[in-house]
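If you're wondering where the values come from, they're calculated on a predicted model, not measured in any experiment. Residue numbers count from 1 along this sequence.
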Amino acid sequence: MTRPARLVFVAGTGTEVGKTWVSAQLLGRARAAGHTVAARKPLQSFSPGDTRTDSVVLGEATGEPPSAVCPERYSYPAPMAPPMAGAALSQKVPAQAELVAGISASWPDRCDIGLVEGAGGVASPLTADADGVAVARALGPDVVVLVTDAALGVINLVRLSLAALAPLPVIVHLNRFHPVDDLHRRNRDWLVDHDRFEVTTSIPDLLAKIISARP
């Protein structure tokens, strides 16, 4: 069993915040810089007929087949939390221990950055018996990337999410951040200066922090 040199868990403050886009951009940039990368989307749910699933997008970024990113048996064509989707479709939904063991045994022999992307918000159901926080803690990542929007409400969402993720080390990534937007700038500054959180607003900065994070 091989653990990546850097194990990253990507979580979100909710759905549609851009976890997969951020993950793919991060992995693509790391791969272009010469790092060996791999991605795991342990369970995924999606609308029926959607051919651009998260495993496809992440696989394009890493060069892996979608089935290596997410096993087909854990892909659920129903747009709801994975364990709910599995139950609705009468498909198997793994328990946390089985899922974590499968992820840990699936990494390639040499991997500089291994990324695991959760589903929904940090407290959203992920397995039959655990949410994203519990799975992240069981994996023991070197760093958690918390993806969120930069708009109104972000401070509350980030505070609640980081409290749930404690004591895991977290980098907050403000996705869709626009430096000319006064609210976006003030939200970033409050999170950094007042709350003392580690915050990034660009993919290059995020990758640099992940690489420099203490293993």
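Both V135 and V144 are part of a single hydrophobic cluster, where members link through side-chain heavy atoms under 4.5 Å apart. Cluster annotation: M80 is not connected to L89 through the hydrophobic network of ILVMFWY side chains, with a link wherever side-chain heavy atoms come within less than 4.5 Å. In the hydrophobic cluster analysis, where Ile, Leu, Val, Met, Phe, Trp and Tyr join through side-chain heavy atoms closer than 4.5 angstrom, V17 is grouped apart from V199. When hydrophobic clusters are built by joining Ile, Leu, Val, Met, Phe, Trp and Tyr residues whose side-chain heavy atoms come closer than 4.5 Å, directly or via intermediates, I103 is not grouped with L58.
Note that the CD atom of E117 and the CZ atom of F9 stand 9.0 Å from one another [nearest 0.5 Å]. Between Q96 atom CD and L139 atom CG the span is 8.0 Å, to the nearest 0.5 Å. The structure places CD of E98 at 10.0 Å from CG of D129, a figure rounded to the nearest 0.5 Å. Note that CG of L191 is 6.5 Å distant from CZ of F197, once rounded to the nearest 0.5 Å. Once rounded to the nearest 0.5 Å, the distance linking NZ of K92 with OH of Y76 reads 8.5 Å. Summarising the geometry, atom CG belonging to D189 is positioned 12.0 Å from atom CG belonging to D195; distances are rounded to the nearest 0.5 Å.
Considering N175, N187, T13 as possible partners of T148, the one that fulfils the side chain to side chain donor-acceptor pair (under 3.5 Å) test is T13.
Using a 30° and 60° split on the angle between ring planes, H194 and W190 fall in the parallel class, below 30°.
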Next item on the list: Run the numbers on L206 and V22 for side-chain contact (heavy atoms from CB on, under 4.5 Å), then give the verdict.
Entry: CA-CA 10 Å; L206 177 59; V22 169; 3.9 Å; yes
Next item on the list: Start with the C-alpha gap between L43 and R73, add the side-chain angles, then the distance that decides, and say whether side-chain contact (heavy atoms from CB on, under 4.5 Å) holds.
Entry: CA-CA 9 Å; L43 304 101; R73 66 185 182 279; over 6 Å; no
Next item on the list: Start with the C-alpha distance between R176 and D149, add both sets of side-chain angles, then the distance that settles salt bridge (charged side-chain N to carboxylate O under 4.0 Å, His left out), and finish with yes or no.
Entry: CA-CA 6 Å; R176 308 177 184 123; D149 280 317; 2.6 Å; yes
Next item on the list: Please lay out, stage by stage, how V147 and V172 fare under the test side-chain contact (heavy atoms from CB on, under 4.5 Å).
Entry: CA-CA 6 Å; V147 179; V172 177; over 6 Å; no
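Proximity of a side-chain donor or acceptor of T201 to a complementary backbone N or O of F177 within less than 3.5 Å is not detected. A donor-acceptor contact shorter than 3.5 Å links the side chain of S124 to the backbone of G121. The backbone N or O of A130 lies less than 3.5 Å from a partner atom in the side chain of T127, making a donor-acceptor pair.
Contact annotation: the side chain of L7 approaches that of V116 to within less than 4.5 Å [non-hydrogen atoms, C-beta and beyond]. With contacts defined as side-chain heavy-atom distances shorter than 4.5 Å, the pair D131/V122 does not qualify. Looking at heavy atoms from C-beta onward, K209 lies in side-chain contact with T200 at the 4.5 angstrom threshold. Side chains of V154 and L174 form a contact here, defined as non-hydrogen atoms less than 4.5 Å apart. Side-chain atoms of S75 and T53, non-hydrogen and from C-beta on, never get closer than 4.5 Å to each other. Proximity of H173 to L146: side-chain heavy atoms (C-beta onward) are nowhere separated by under 4.5 Å. In this structure, P79 and F46 have side chains that are not in contact, with every pair of non-hydrogen atoms separated by 4.5 Å or more. In this structure, the side chains of L115 and L27 come closer than 4.5 Å at one or more pairs of heavy atoms.
Here R186 pairs with D182 in a salt bridge; the nearest charged N to carboxylate O distance falls below 4.0 Å. Using a cutoff of 4.0 Å between basic side-chain nitrogens and carboxylate oxygens, D112 and R6 are not scored as salt-bridged.
Between the side chains of S55 and Q44, at least one donor-acceptor pair of N or O atoms lies under 3.5 Å. For S106 and R40, the side-chain atoms include at least one donor-acceptor pair closer than 3.5 Å.
Taking each heavy atom of R137 and A164 in turn, the nearest pair found is NH2-O, 2.7 Å. Closest non-hydrogen pair, A136 versus P141, comes out as O-CD, 3.0 Å. Listed here is the closest heavy atom pair of P71 and P42: CD-O, 4.2 Å. Contact detail for V93 and A87: the closest heavy-atom pair is CG2-N, 4.1 Å. In this structure, V37 and C111 approach most closely via the heavy-atom pair C-SG, 4.1 Å.
Residues passing the salt bridge (charged side-chain N to carboxylate O under 4.0 Å, His left out) test with R29: none are found, sequence neighbours excluded.
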